[in-house]
> 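Starting off with a structure, shown below.
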Amino acid sequence: MSAATTRSRTPRTPDRLCVEAVELARAAAEEAAFPGVVGAHVSAVAEGDRVVTHFFESKEPGYRGWRWAVTVARASRAKNVTLDETVLLPGDDALLAPEWVPWSERLRPGDMGPGDLLPTEADDLRLEPGWSGEDAPPPNSVVSTEMAELVEAEDADVTDRVTVPARGSISAVAEELGMRRARVLSRYGLHSAADRWDESFGAKTPMAQAAPASCVSCGFLVAVGGSLGQAFGVCANEFSPADGRLVSLSYGCGGHSEAAVMPAPLRPAPPVLDSMASDEFVLRPAEDTGPVPAPDAQAVDLDLGHS
């Protein structure tokens, strides 16, 4: 095993003068922090040859578990310890802010109120072109081959569980014509229900008054059959307060599919400066590099405090 390998695996011995420079490190931390927030000295860790980081407890509110880290260093054969950097770092049990999440991922059903605008992405999976100009429908279209096969399989599964009337019987003809029920909704009952639904999800509600557009032009509207389809539809936007409800075509909310297109979420840029690494500076450059003459060795020793 080489000497370099042995030295790399052996824990560094902290420099004695750097370890003893606690007051210098505390003064630097108190200068960078607010008065009275630098606590007791926690530990001293060797970062390299003659480089030691002192950790102090942080008493600043909102920074539980954080520590003031002050790095000091000493030049080779020098007697004076100098200050390197001061920074506030989180400890093992520090209270940290949660990871940043774009607002589009934080949104939950029911968060939208009157006047709020919810953009939709250009490639939203919940929407598809009403007319693409191509003969082949999209894979998620209701008229695609894959969807048709899935519907037939589901219909076959339901048919096996339901008693089907004999073909040609009066019940079979009535079921085919939609007349198997003994009683159906009257015109009065239909109008009464429409009035109730229009009161809850109609044009006079605060949500509809502040909406950018009405449901009649929204891609999340599911059409219903019969006479009700002329005035109502079912909302299929999970973020809308009317999700799964029968809404008036004149109703609206901020989740309209064509209200706005959501841009790509912005994420914080990575740090430009690396404050955790130390830069090496050559104290004695080579004689053949640059126009600056080599300094006198005796003068350098006097500058560094040697006698």
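When reading the values below, keep in mind they use all heavy atoms of this one structure, side chains included, and skip hydrogens, waters and symmetry mates.
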> Looking only at heavy atoms, what is the nearest atom pair of Leu249 and Gly233, with distance?
CD2-N, 4.2 Å

> Looking only at atom types and distance, does a side-chain atom of Asp111 sit under 3.5 Å from a main-chain N or O of Arg108, one as donor and one as acceptor?
yes

> Do the side chains of Ser76 and Arg50 get nearer than 4.5 Å, heavy atoms only?
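Touching, per the 4.5 Å side-chain cut-off.
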
> Would you name the heavy atoms of Val222 and Ala236 that are closest together and state the gap between them?
CG2-CB, 3.9 Å

> Assess whether atom CZ of Arg26 is packed by more than 12 heavy atoms of other residues, nucleotides or ligands within 6.0 Å.
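Atom CZ in Arg26 is packed in, count exceeds 12.
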
> Provide the closest heavy-atom pair for Pro212 versus Gly254 in the form atom of the first, atom of the second, distance.
CD-CA, 4.1 Å

> According to a 4.5 Å side-chain heavy-atom criterion applied to Ile, Leu, Val, Met, Phe, Trp and Tyr, with indirect links allowed, do Val37 and Trp66 form part of one hydrophobic cluster?
yes

> What is the distance from atom SG of Cys253 to atom CZ of Phe220, rounded to the nearest 0.5 Å?
9.0 Å

> So, taking the atom named CG in Leu246 and the one named SG in Cys235, what distance separates them when rounded to the nearest 0.5 Å?
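Rounded to the nearest 0.5 Å, the CG-SG separation comes to 10.5 Å.
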
> Do Ser214 and Ser250 have side-chain atoms, one donor and one acceptor, less than 3.5 Å apart?
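Per modelled atom types, Ser214 and Ser250 side chains form no pair under 3.5 Å.
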
> Main chain of Gly202, side chain of Thr205: is a donor-acceptor contact present, judged purely on distance under 3.5 Å?
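Yes; judged by distance alone, with no hydrogens or angles, the pair exists.
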
> Rounded to the nearest 0.5 Å, how far apart are NE2 of His54 and SG of Cys18?
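One gets 7.0 Å once the value is rounded to the nearest 0.5 Å.
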
> Hey, quick one: are Leu17 and Leu83 part of the same hydrophobic cluster, counting side-chain heavy atoms closer than 4.5 Å, chains of contacts allowed?
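Same cluster.
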
> Check whether any side-chain N or O of Asp116 sits under 3.5 Å from a backbone N or O of Gly113 as a donor-acceptor pair, and report yes or no.
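Checking the backbone N and O of Gly113 against the side chain of Asp116, a donor-acceptor pair under 3.5 Å is found.
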
> Report whether Met207 and Phe239 are members of the same hydrophobic cluster (ILVMFWY, side-chain heavy atoms less than 4.5 Å apart, transitive linking).
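Met207 does not cluster with Phe239.
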
> Show the nearest heavy-atom pair for residues Ser257 and Gly219, with the distance to one decimal.
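That closest heavy-atom pairing would be OG-N, 2.7 Å.
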
> Looking at Phe55, I'd like to know if the NZ or CZ of Arg67 sits under 6.0 Å from its six-membered ring centre while staying within 45 degrees of the ring's axis.
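So Arg67 does make the cation-pi contact.
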
> Would the distance check show the side chain of Glu30 and the main-chain N or O of Gly36 forming a donor-acceptor pair, the cut-off being under 3.5 Å?
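Side chain of Glu30 to backbone of Gly36: no pair is present.
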
> Going from NZ on Lys204 to CG on Asp198, what distance comes out if it is rounded to the nearest 0.5 angstrom?
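Going from the NZ atom of Lys204 to the CG atom of Asp198 covers 7.5 Å.
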
> Within a radius of less than 6.0 Å around CD of Glu31, do more than 12 heavy atoms belonging to other residues, nucleotides or ligands occur?
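No.
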
> Would you find a donor on one side and an acceptor on the other, under 3.5 Å apart, between the side chain of Thr82 and the backbone of Ala73?
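Between the backbone of Ala73 and the side chain of Thr82 there is a qualifying donor-acceptor contact (under 3.5 Å).
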
> Minimum heavy-atom separation for Asn237 to Gly255, with atom names?
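Answer, listing the atom of Asn237 first, then Gly255: ND2-O, 2.9 Å.
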
> Does a side-chain heavy-atom distance below 4.5 Å link Trp68 with Thr86?
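The answer is yes; the side chains approach within 4.5 Å.
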
> Show the nearest heavy-atom pair for residues Ala21 and Val81, with the distance to one decimal.
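Ala21 and Val81 have their closest heavy atoms at CB-CG1, 4.0 Å.
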
> Could you grab the distance from atom OG of Ser248 to atom CD of Glu199, nearest 0.5 Å is fine?
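Here the rounded value is 12.5 Å.
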
> Would a single hydrophobic cluster contain both Trp197 and Val247, if residues Ile, Leu, Val, Met, Phe, Trp and Tyr are joined by side-chain heavy-atom contacts under 4.5 Å?
no

> Under 4.5 Å between any side-chain heavy atoms of Ser227 and Leu190, yes or no?
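With C-beta onward as the side chain, the pair touches.
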
> Verify side chain to side chain contact (heavy atoms under 4.5 Å, CB included) between Phe232 and Leu221, making sure each step is shown before the conclusion.
CA-CA 9 Å; Phe232 293 93; Leu221 183 74; over 6 Å; no

> According to a 4.5 Å side-chain heavy-atom criterion applied to Ile, Leu, Val, Met, Phe, Trp and Tyr, with indirect links allowed, do Phe201 and Val216 form part of one hydrophobic cluster?
yes

> Got a second to check how far Tyr63's OH is from Leu95's CG, nearest 0.5 Å?
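The OH atom of Tyr63 sits 10.0 Å away from the CG atom of Leu95.
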
> Determine whether Arg196 and Ser200 satisfy the following criterion, side chain to side chain contact (heavy atoms under 4.5 Å, CB included), listing intermediate values before the conclusion.
CA-CA 7 Å; Arg196 293 194 309 270; Ser200 300; 6.0 Å; no

> Before you tell me yes or no, could you show the steps for Val52 and Thr71 under side chain to side chain contact (heavy atoms under 4.5 Å, CB included), namely the whole-Å CA-CA distance, both residues' side-chain angles and the distance that decides it to 0.1 Å?
CA-CA 6 Å; Val52 174; Thr71 303; over 6 Å; no

